[in-house]
Amino acid sequence: MNLDQLNTSQRAAVEYNDGPQLVIAGAGSGKTRVLTYKIAYLLSQGVPANRILALTFTNKAAREMRDRIARMADAADVRYLWMGTFHSICSKILRQEATQLGFTRDFTIYDTQDQKSLIRQILKLHSLDEKIYKPNMVAARISAAKNALLLPDDYARNQAIAKQDRQDRLYEMSKVYHEYQTRLKAANAMDFDDLLLYMCRLLDQDPAARAYYQQMFQYVLVDEYQDTNYVQYRIVKQLAEPENRICVVGDDAQSIYSFRGADIRNILHFQEGYPNARLFKLEQNYRSTQTIVNAANSLIHHNENQIYKEVYSRKQTGDRIDLVGYMTDRNEGEGVARSIQQYRAIKGVSYNDIAVLYRTNAQSRTFENEFRKLGIAYRIYGGMSFYQRKEIKDAIAYFRLAVNPKDNEALIRVINYPARGIGDTTLRKLSECAVMQNMSMLDVAQQPEQAGLDVSKATANKLIAFASLIDQLREAADTLNAYDFAERVMQLTGIRTAAMLDRTPEGVDRAENLQELLTGIHELIDRRTEEGIDFTPIHDFLAEVSLLTDQDQNLTDDTPRVTLMTVHAAKGLEFEVVYIVGLEENLFPSQMCVKPNEIEEERRLLYVAITRAMEHCHMSYARQRFRNGSVQFSSPSRFLRDIDRQFIAVRQAADTTQPTTPRWGNNTWQNGPSRPLPTMPSKPLASMPFKPLTQLSDIRTTTHTDTPADSLYQTGERVRHGTFGEGTVQRVYEENGTQRIDILFDRFGKKAMLIQFAKLQKI
């Protein structure tokens, strides 16, 4: 180990081990390097390996750090380090302490699938509708409760949570949680969240165990501290006491996981919890050019809640960030694809060194389509190709079955989605009967009794109802254009409603993907119209999409590929060339973000995106984007104003005829003199009391104007919605220049909608 290989700031952070320390590591500043050197340094100073606890967020990070340390220290010592994820370390300790918590040492750990299976059993036992008590949503609420250290009894007594559950018609949620936890205990099992929950309870309630582990761990290190939640904060704090030899490393500017429970206050107020803590800042970026680093700095300095730092680079100055405004999202996809081709053809950049970053998964479709047209190989990082996603394959299976009633594979996929009470046993009998009678499975479902299908009357009626639904779709497929037909499928089958009712991040993604599928079909119709074709049936779309999915399967693993990913998935990665797309209001930042802290997290997300680029960074937006069934006119993201102008090169897209320079109000934002950065305080942030979570979801609030003068609706009016049925208007208001409406639907509870797209009818 040679500490001379570290810069001054890195070395200072490694050598200080006398008390609590906070290491703020800017993007590309060598965070992992400091952690590995620090552990090797502790070993060299005589700290036994089994007295060092190092907590990470991924097993991969733990393996990489262990390998690096082994190259600097005695490999025999390294294997005794307590190094791993929070969950793995807590599991290891709980195996030793299980009897203190009412478990045996061979307790089972339930994974996500086990967890959802148990939840479904409980819902079925209590006759609770899975369309309301969606297993994903129930699991997410239980997880949030545990991460806030709320046991079932605490959950039931919490008035804020009870009110939220009533609003969402989850009247039995506390009972479901209680039953879930009771069954886990009876099965001698824990889920992933229990590993943290029970660890915290052990340290809270067993003074002897707490003292033992406090003495055992002479030094505690935590990676990615900005991503810790409340229960992790408590575990770390208790283990480090009373000596408080603790080192936490992270970057508040890269805290982007609040939707997973991460609490940025843990890192922002670390020095308040440890008044004698030393602060170390790693500010030299080894990844990006000076221009990219300076642009990212000018952006993030607009956040109020931050630990101020001035990241710098000693690499070459580099090109300015390229900002392009396109007329449509389709133009954006085409422009990015052509630009990537030029990098490869003119500069010889490998596809492996290029990434396209977007805010939502649904945005990948446009770029996938354009890349296929131009023969650009790509990979979806941390996900799958748009047309391979479950909800998309479900919708397309309905399309296929309507067009071809003999498509048994399509029928098998969707006959019980959304759930219709047609189980695997019925499906097996249906398949066997179809083979014996030489009929399609749909034909048997239409007339189960005549076909000799051995099922109950109730099951036969369910099959007949499904066959009737497909008959309606078959008729629609012949008479409607592809877009109107797809809309009809979404409406009649309930697949869109099922996605919309799931408020987990995964559910939101599914709903957005289904809407993006409609957008793709609409684009096909637009192209056919331009070609002079008046009517585009769903058959045409199916023919086109089948070729796309075939190309997916034919791509070989060793082909250099452009990486497509969300910004969240890109954290920790780097690429020579980065494209950040869809920089529009209500997309980036997301329309779901209205609170100041939410906007600040969105700004941090863009900071992460920019700092993934090593040499070249491109940003773009579209003036028009097809969303929610219509063409919407977009404004450039407010965050573009936050980047100092001297680091931006505004370019007009080659394929547009109208000016695309970003505009806000009457001011035109163009290349010109740089704008001074806001003055940042040099003193610590003002003290803010640190409190545990008391609610399970972000209840988003913002300043608003109630009942705008030009509103079409009034409080108390009765309205009808195509999906949610009839309801009563509770509030009409304006947020950020957009009119919104809150409706209490008779069957689906309270919904907040944008008036422009709600398609309401007054009753």
Side-chain angles (χ1 to χ4, degrees), residues 2-14 23-37 64 68 249-254 280-301 306-323 339-340 342-344 346-357 562-563 565 567 570-580 604-619 639-640 642-651 671 674-675 677:
N2 181 7
L3 295 183
D4 292 338
Q5 295 180 2
L6 303 175
N7 66 33
T8 303
S9 299
Q10 291 172 336
R11 182 163 184 165
V14 165
V23 180
I24 295 297
S29 63
K31 168 181 67 69
T32 304
R33 185 180 181 85
V34 166
L35 273 172
T36 53
Y37 267 83
E64 289 178 353
R68 291 194 195 185
V249 181
D251 184 6
D252 57 292
Q254 297 185 69
F280 297 84
K281 297 180 183 180
L282 309 182
E283 296 175 299
Q284 182 175 353
N285 179 297
Y286 290 90
R287 174 188 302 150
S288 308
T289 64
Q290 294 178 39
T291 297
I292 291 172
V293 168
N294 291 339
N297 283 344
S298 67
L299 169 74
I300 202 63
H301 285 171
Q306 64 173 292
I307 298 173
Y308 183 77
K309 60 184 175 298
E310 192 67 47
V311 180
Y312 65 92
S313 172
R314 288 180 175 163
K315 292 181 67 175
Q316 71 276 17
T317 302
D319 297 334
R320 289 188 294 178
I321 292 179
D322 192 38
L323 174 62
S339 176
I340 289 173
Q342 291 174 356
Y343 267 110
R344 187 185 188 196
I346 299 173
K347 298 186 178 181
V349 177
S350 170
Y351 284 158
N352 285 337
D353 297 324
I354 302 174
V356 178
L357 309 183
V562 174
T563 300
M565 64 171 71
V567 182
K571 188 171 179 292
L573 303 177
E574 60 186 28
F575 301 88
E576 182 176 340
V577 183
V578 168
Y579 294 83
I580 308 169
R604 293 195 294 270
L605 193 59
L606 181 55
Y607 174 85
V608 168
I610 294 172
T611 54
R612 298 313 94 196
M614 300 167 66
E615 303 292 337
H616 305 282
C617 183
H618 299 259
M619 299 191 299
F639 297 147
L640 295 175
D642 295 338
I643 301 174
D644 195 311
R645 301 175 188 179
Q646 66 179 310
F647 307 124
I648 298 287
V650 179
R651 180 170 62 83
N671 292 331
S674 62
R675 177 176 49 175
L677 295 176

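The figures here come from the full heavy-atom set of this structure, side chains too, leaving out hydrogens, waters and symmetry mates.
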(message) Using 0.5 Å steps for rounding, measure from the CG atom of L640 to the CD1 atom of I648.
(response) 7.0 Å
(request) Please check if the side chain of R344 supplies one atom and the backbone of I340 the other of a donor-acceptor pair under 3.5 Å. (result) no
(message) When you compare the side chains of Y343 and E576, does any donor N or O come within less than 3.5 Å of an acceptor on the partner?
(response) no
(message) Any non-hydrogen side-chain atom of T289 less than 4.5 Å from a side-chain atom of T317?
(response) no
(request) Tell me yes or no: between the side chains of Q10 and Q5, is some donor less than 3.5 Å from an acceptor? (result) no
(message) Is there a side-chain contact between R314 and Q284 in this structure, where contact means two heavy atoms from C-beta onward sitting under 4.5 Å apart?
(response) yes
(request) For the residue pair R287 and K315, establish whether any side-chain heavy-atom pair is separated by less than 4.5 Å. (result) no
(message) Using side-chain heavy atoms (C-beta onward) and a distance below 4.5 Å, is R651 in contact with D322?
(response) yes
(message) Does V578 form a side chain to side chain contact (heavy atoms under 4.5 Å, CB included) with L357? I'd like the steps, not just the answer.
(response) CA-CA 7 Å; V578 168; L357 309 183; 3.7 Å; yes
(message) Give me the atom names and distance for the closest heavy-atom approach of T291 to G318.
(response) OG1-O, 3.3 Å
(request) Mark yes when over 12 heavy atoms from residues, nucleotides or ligands other than R68 sit less than 6.0 Å from its CZ; otherwise mark no. (result) yes
(message) Counting the benzene-type ring for Trp, do H616 and Y579 have ring centres under 6.0 Å apart?
(response) no
(message) Check this for me, if you would: do D4 and R11 make a salt bridge, where the nitrogen-to-carboxylate-oxygen distance has to be below 4.0 angstrom?
(response) yes
(request) Any chance you could measure H618, atom NE2, to D319, atom CG, to the nearest 0.5 Å? (result) 8.0 Å
(request) Please confirm whether the backbone N or O of Y308 pairs with a side-chain atom of K281, one donor and one acceptor, at under 3.5 Å? (result) yes
(request) Given side chain to side chain contact (heavy atoms under 4.5 Å, CB included), test T611 with V293 step by step and report yes or no. (result) CA-CA 7 Å; T611 54; V293 168; over 6 Å; no
(request) Check for a donor-acceptor pair, side chain of R612 on one end and backbone N or O of E574 on the other, with a separation under 3.5 Å. (result) no
(request) Measure across S29 and G26 and return the closest heavy-atom pair with its distance rounded to 0.1 Å. (result) OG-O, 2.6 Å
(request) Calculate, to the nearest 0.5 Å, the distance between atoms SG and CD1 belonging to C617 and I321 respectively. (result) 4.0 Å
(request) Side-chain contact test, heavy atoms from C-beta onward, threshold under 4.5 Å: evaluate it for I610 versus I292 and give yes or no. (result) yes
(message) Between D353 (side chain only) and V349 (backbone N and O only), is there a donor and an acceptor less than 3.5 Å apart?
(response) no
(message) For a side chain to side chain contact (heavy atoms under 4.5 Å, CB included) check, start with the C-alpha distance between R604 and I300, then their side-chain angles and the critical distance, and finish with the verdict.
(response) CA-CA 7 Å; R604 293 195 294 270; I300 202 63; 3.8 Å; yes
(request) Keeping the roles fixed (side chain from N297, backbone from V311), state whether a donor-acceptor pair exists under 3.5 Å. (result) yes
(message) Any heavy-atom pair between the side chains of E283 and Y312 that's under 4.5 Å?
(response) yes
(message) Is any side-chain heavy atom of Q254 closer than 4.5 Å to one of Y607?
(response) yes
(message) When you measure from the side chain of S298 to the backbone of D644, do you find a donor-acceptor pair of N or O atoms at a distance under 3.5 Å?
(response) yes
(message) Quick one: does any side-chain atom of S288 pair with a main-chain N or O of A613 as donor and acceptor, under 3.5 Å?
(response) yes
(message) Could you report the tightest heavy-atom contact between V14 and L3, atom names first, then the distance?
(response) CG1-CD2, 4.1 Å
(message) Nearest 0.5 Å, please: how far is OH in Y37 from OG1 in T32?
(response) 13.0 Å
(message) Using every non-hydrogen atom in the two residues, find where V23 and A13 come nearest and quote the distance to one decimal.
(response) CG2-CB, 4.1 Å
(message) Do I580 and L606 have side chains that approach each other closer than 4.5 Å (heavy atoms only, starting at C-beta)?
(response) yes
(request) To the nearest 0.5 angstrom, please state how far the CG atom of L299 sits from the CD1 atom of I643. (result) 5.0 Å
(message) Salt bridge check, K31 against D251: does any charged N sit closer than 4.0 Å to a carboxylate O?
(response) no
(request) Starting at CZ of R320, measure out to CZ of R645 and round the result to the nearest 0.5 Å. (result) 12.5 Å
